[in-house]
Amino acid sequence: MNADSFRAEAFHYLGFDVDADDDRVRCRYALDELEFVEEFRFPGGGDWSAPAVAEMVRLLFLLAGVSYYKAAAPPVVDFGETALTATELDFVQEFYRHGLGEFAYRNGLDLSGTSFAAVPLTRATPAPYAPVAGRPLIPFGGGVDSIVSVELLRGQATEPALFVVNRPGDRFAAIEEPAVVTGYPVVRAERLMDSKILRSRELGFLNGHVPVTGVISATALVAAALEGRDAVVMSNEWSASSATLKVGDREINHQYSKSEAFETGLQKVVQEATGGAPQYFSLLRPFTELWIAERFAQLSQYFGTFRSCNRAFLIDPARRAQQWCGDCDKCAFIDLILAPFVPAGQLRAIFGGREPLERPEQLPQFRTLLALTPDAKPWECVGDEAECRVAARLALARPDRTGNPVLSELVREADVFTDPSTDELLRPVGHHAVPARYAPADLAR
Ligand SMILES: CC(=O)N[C@H]1[C@@H](OP(=O)(O)OP(=O)(O)OC[C@H]2O[C@@H](n3ccc(=O)[nH]c3=O)[C@H](O)[C@@H]2O)O[C@H](CO)[C@@H](O)[C@@H]1O[C@H](C)C(=O)N[C@@H](C)C(=O)N[C@@H](CCC(=O)O)C(=O)O
Ligand SMILES: Nc1ncnc2c1ncn2[C@@H]1O[C@H](COP(=O)(O)OP(=O)(O)OP(=O)(O)O)[C@@H](O)[C@H]1O
């Protein structure tokens, strides 16, 4: 292999094996002759013989391939012996095309001509699955969003559980600590990526962002089906559907697999496979970041443990941040969106002396969040620009932020924008697929 430029003609889905005795799934792929294996373990076990479990494992196999395809991004994706329905093929193509949109753009690649070759599959009937209502699984990332979901669901479900994915033997403190505060049991999955993919630079692979929430979602569906649960409740907000960048008429979204388009596509696949259960939806889909921040501000029991900084989630423990870094776009965004609602002293304490809004050198970074600098929205999980501008105005109006130099400058520069009112942003917006049994009170109004 040439360490400068690894290339391949085709990406192959080789197959997957289920080891029920060890609660393990192995997914096998290849770039030409170079094979990769990704393993998922579900230590809670369950009924591996259930047809719905087999369907969800197959879906996981289809989505987890994206990490390995991207190592060379060849022009052909070959599903081999895995036959696909038209709905599945369409969904997987969209997952690759949009989920790797940022990867392609930042690597200067055009993947629009990639061909996806699959033997056609026709299903007679969906696999049977009859879960008991009131037992949702809540994927938990330890940040503002999933904490708000957990608290919105409290009292609405009889037997909820969190769902957490981590590497074998290596849990994320930023997830575990707030998980304890919820008081809920945790259903787990261990995910072991092929070690070659972690050596991308050394092996001459292409590298870049992948739609990781799609892989987490499929893993959660397997865990839910194993336990006979009725739903997988995501915490993906309204603004996750917005483009990070527009290139001509093409939208590139860093958060594609948190978007409504992905959610709807996955629902269609699950509908066809099992009649629609476990039900997959995002509880926060109709809510703005401002709405979520206002709710989170009332949950002070989490202030000492929650951590939305993505540097807390690096795979290599040696590179992983042990507290809020205070420097990244995500830290800046969370600080800004909470600032209208959380007392300044409490936010200062959360960021442990590195609060972005207290550091004038962070001003250029905030300008990108508010779109005061053109075409510079960060490639990160950050909210809508108009919401950021409204948050800056609301925060500056608080007595405990009066005269804050960063906020004062941002509000002055944002004066040219006409933005939605606070009331508009604190109401549900847009479409959602939240079933009535789990709908928060704001949706019932
Ligand atoms: C933690 C983080 O932000 N990582 C991004 C970073 O990766 P880096 O190389 O610095 O470190 P690792 O995350 O440890 O990854 C090591 C290599 O493994 C590859 N990889 C990782 C996960 C996976 O599922 N498949 C993989 O192939 C990865 O590409 C590295 O080569 O920069 C990368 C390049 O931009 C990002 O892809 C890494 O993002 C992670 C996949 C990640 O988990 N990020 C989430 C915090 C994240 O961005 N979530 C998005 C959700 C977007 C979505 O559509 O799902 C969000 O919250 O907006
Ligand atoms: N390791 C993980 N295990 C299980 N679910 C996860 C994991 N990481 C993220 N998720 C889930 O994936 C979705 C997207 O994650 P995201 O990082 O946006 O959410 P979050 O951690 O709740 O909030 P924040 O945006 O404040 O970090 C959410 O539903 C989140 O709970």
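Numbering of ligands and ligand atoms starts at 1, following listing order.
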Charged tip of K196 within 45° of F36 ring normal and under 6.0 Å: yes

Would you check the N or O atoms of R191, main chain and side chain alike, for any that come under 3.5 Å of an N or O of ligand 1? yes

By side chain to side chain contact (heavy atoms under 4.5 Å, CB included) - contacts of L198 (at least two apart): R167, M193, I315

Check each atom of ligand 1 against the heavy atoms of Y256 and keep those under 4.0 Å away; list them by number with element. 54 (O)

Among G208, A312, S200, S67, the residue with a heavy atom nearest to atom 26 (C) of ligand 1 is S67

In this structure, which one of V215, V18, V222 forms a side chain to side chain contact (heavy atoms under 4.5 Å, CB included) with F40? V215

Hey, is ligand 1 close enough to H209 that some N/O pair sits below 3.5 Å? yes

Parallel, tilted or perpendicular: which fits the ring planes of F61 and F16, with parallel below 30° and perpendicular above 60°? tilted

With distance as the sole criterion, is a donor-acceptor pair present between the side chains of E94 and Y256 under 3.5 Å? no

Can you tell me which residues line ligand 2 if we count any heavy atom under 4.0 angstrom from one of its atoms, in chain and number order? P139, F140, G141, G142, G143, V144, D145, S146, F163, V164, V165, I175, T213, I216, M234, S235, N236, K258, S308, K330, C381

Are any of the N/O atoms in D316 less than 3.5 Å from those in ligand 1? no

Between E263 and Q267, is there a side-chain donor-acceptor contact under 3.5 Å, judged purely by atom types and distance? yes

Report yes or no: does R319 have a heavy atom closer than 4.0 Å to ligand 1? yes

With only distance considered, is N207 within less than 3.5 Å of ligand 1 through an N or O on each side? yes

Numbering the atoms of ligand 1 from 1, which are under 4.0 Å from a heavy atom of V210? 23 (C), 24 (O), 25 (N), 26 (C), 37 (O), 41 (C)

Does the cation-pi check pass for R154 over Y184, that is, NZ or CZ under 6.0 Å from the six-membered ring centre and within 45° of its axis? yes

Distance from E380 atom CD to L369 atom CG, nearest 0.5 Å? 10.0 Å

Test of proximity, V212 against ligand 1: N or O pairs below 3.5 Å: yes

Flag I315 as yes when one of its N or O atoms lies below 3.5 Å from any N or O atom of ligand 1, and as no otherwise. yes

K330 heavy atom under 4.0 Å from ligand 1: no

R307 meets the salt bridge (Lys or Arg N to Asp or Glu O under 4.0 Å) criterion, sequence neighbours left out, with none

Using a 4.0 Å cut-off to any heavy atom of K70, which atoms of ligand 1 qualify? 26 (C), 27 (O), 29 (O)

Run the numbers for me: atoms of ligand 1, each under 4.0 Å from some heavy atom of N310, listed by number. 1 (C), 3 (O), 46 (C)

Ligand 1-proximal atoms of H254, by part, heavy-atom distance under 4.0 Å: both

A student checking ligand 1 against Q255 at a 4.0 Å heavy-atom cut-off should list atoms 52 (C), 54 (O), 58 (O)

Taking atom 54 (O) of ligand 1 as the reference point, report whether a protein heavy atom occurs under 4.0 Å from it. yes

Under 4.0 Å from one or more heavy atoms of F313, ligand 1 contributes atoms 1 (C)

Between D230 and the options R437, Q279, R135, the side chain to side chain donor-acceptor pair (under 3.5 Å) test singles out R437

Quick note on ligand 1: atoms under 4.0 Å from a heavy atom of C381 include exactly 56 (C), 57 (O), 58 (O)

Please verify the inter-ring angle class for W379 with Y105; under 30° counts as parallel, over 60° as perpendicular, anything in between as tilted. tilted

Taking atom types as modelled, find out whether Y280 and S217 have a side-chain donor-acceptor pair closer than 3.5 angstrom. yes

With heavy atoms only and a cut-off of under 4.0 Å, state how L198 meets ligand 1: side chain, backbone, both or neither. side chain

Verify, without hydrogens or angle tests, whether T274 (side chain) and A52 (backbone) share a donor-acceptor contact under 3.5 angstrom. no

Partner set under side chain to side chain contact (heavy atoms under 4.5 Å, CB included) for E190, not counting sequence neighbours: R41, N166, P168

When you compare the side chains of W291 and D442, does any donor N or O come within less than 3.5 Å of an acceptor on the partner? yes

